[in-house]
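Here is the structure we will look at.
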Amino acid sequence: MSAKIIDGKQIAADIREELKAEVAGLKEKGIVPGLGVILVGADPASQSYVSAKEKACENIGIFSDDNRLPAETSQEELLALVERMNNDPKINGILVQLPLPKHIDEAAVLLAIDPDKDVDGFHPMSVGKMMVGEEAFLPCTPHGVVQMLMRSGVETSGAHVVVVGRSNIVGKPVANMLLQKKEGANATVTLCHTRTKDLGHHTRQADIIIAASGWPNTITADMVKEGAVVIDVGVNRVEDASRERGYRLVGDVDFEAVKEKASMITPVPGGVGPMTITMLLFNTVESAKRANGID
Ligand SMILES: Nc1nc(=O)c2c([nH]1)NC[C@@H]1CN(c3ccc(C(=O)N[C@@H](CCC(=O)O)C(=O)O)cc3)C=[N+]21
């Protein structure tokens, strides 16, 4: 059996249409959601993500305040910019693209963002609220994963989800979100990582595998139960001289082999990536609504 491909690009486009209509409605009330974007340094992957985010904002009518700062920017300068955005009523969301250069304390910068504008959901206040099940901005990639499952009709309630990877931006939050007592969650969650003994033993128990290890081919076909749903969060650049860019993008899953065993699978590109950006737009619109007492 060949798996049904979960089309992240299509689901993302559907959500963006919903957001577009919502932004148009806000505009009639004189409200334009605004996203402050900060990129420090010139990492090519970060530059392309940030450009994609700005393009997506423009496309649905969100105002974006683009700040590209040199790699030598000091922590004080960065904190001053965050503070300016915290106090700017036109800005509803602040996105500091990660990773930051080594001389900057990432945790200090995330802590400086006003939690009411924390559309990335990385502030400890947002993380804590999410964990105890209070309303908070949900981190974009995990939120995108949950939306993909819901909109593809995948039952998570009572299902065994095995998450591979324990990062603060994907593994830990996605495990937590799927554990919550609410719609689109209620799963039994196993969280695996680099020190896990016999990873395949765990993944073979999974009804749903979420691969977020950061390494190509972490999940091979022998590690997947027949009929499992496989969500691939990986975005790995591998050298490929036949491509114009000199590389191609692969996930953490051995897609070609695993798709013959899974019931549903996400591709890379065109899977979780477009959802990540879409949920950032979602959070920014949400923040603009909250700031104006709507909802
Ligand atoms: N503060 C912060 N917030 C983030 O959300 C954040 C971050 N820092 N740092 C880096 C990661 C990575 N990330 C992606 C976004 C979109 C795609 C995406 O759209 N990928 C396309 C392909 C893009 C291409 O072809 O290069 C796809 O998978 O189809 C991927 C990865 C957001 N991140």
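For the single chain, residues carry numbers from 1 onward in sequence order. Counting starts at 1 for both ligands and their atoms, in listed order. Just so it is clear, the model here is predicted, and its values are computed rather than measured.
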Counting only heavy atoms closer than 4.0 Å, does ligand 1 sit against the backbone of [X], its side chain, both, or neither?
X: Met275; value: neither
X: Pro269; value: both
X: Val96; value: backbone
X: Ala45; value: neither

*Where the closest heavy atom to atom 5 (O) of ligand 1 is concerned, which of Arg245, Lys9, Lys53, Gln97 has it?*
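It is Lys53 whose heavy atom sits nearest to atom 5 (O) of ligand 1.
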Among all the protein's non-hydrogen atoms, which is closest to [atom], and how far away is it?
atom: atom 22 (C) of ligand 1; value: Leu249 CD2, 3.7 Å
atom: atom 16 (C) of ligand 1; value: Gly273 O, 3.6 Å
atom: atom 8 (N) of ligand 1; value: Leu98 N, 3.0 Å
atom: atom 30 (C) of ligand 1; value: Tyr49 CE2, 3.3 Å

Is it true that [X] and [Y] make a salt bridge, defined as a side-chain N closer than 4.0 Å to a carboxylate O?
X: Asp118; Y: Lys129; answer: no
X: Lys289; Y: Glu286; answer: yes
X: Lys225; Y: Asp207; answer: yes

_Taking side chain to side chain donor-acceptor pair (under 3.5 Å) as the criterion, tell me which of Lys9, Gln147, Glu18, Arg16 meets it with Thr278._
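That would be Arg16; it is the only one of Lys9, Gln147, Glu18, Arg16 passing the side chain to side chain donor-acceptor pair (under 3.5 Å) with Thr278.
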*asked:* With ring-ring contact (aromatic ring centres under 6.0 Å, His included) as the rule and sequence neighbours excluded, what pairs involving residues 246-285 come up?
replied: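 ring-ring contact (aromatic ring centres under 6.0 Å, His included) check on residues 246-285 returns His143-Phe282.
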*Roughly how far, to the nearest 0.5 Å, is OG1 of Thr284 from CG of Leu280?*
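The distance works out to 4.5 Å.
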*Numbering the atoms of ligand 1 from 1, which are under 4.0 Å from a heavy atom of Gly270?*
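Ligand 1 atoms under the 4.0 Å threshold to Gly270: 27 (C), 28 (O), 29 (O).
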*Just distances here: any N/O of Asp120 and N/O of ligand 1 closer than 3.5 Å?*
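By distance alone, the answer is yes.
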*asked:* Quick one: does any side-chain atom of Ser287 pair with a main-chain N or O of Asn283 as donor and acceptor, under 3.5 Å?
replied: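 Flag not set: sc Ser287 to bb Asn283 has no pair under 3.5 Å.
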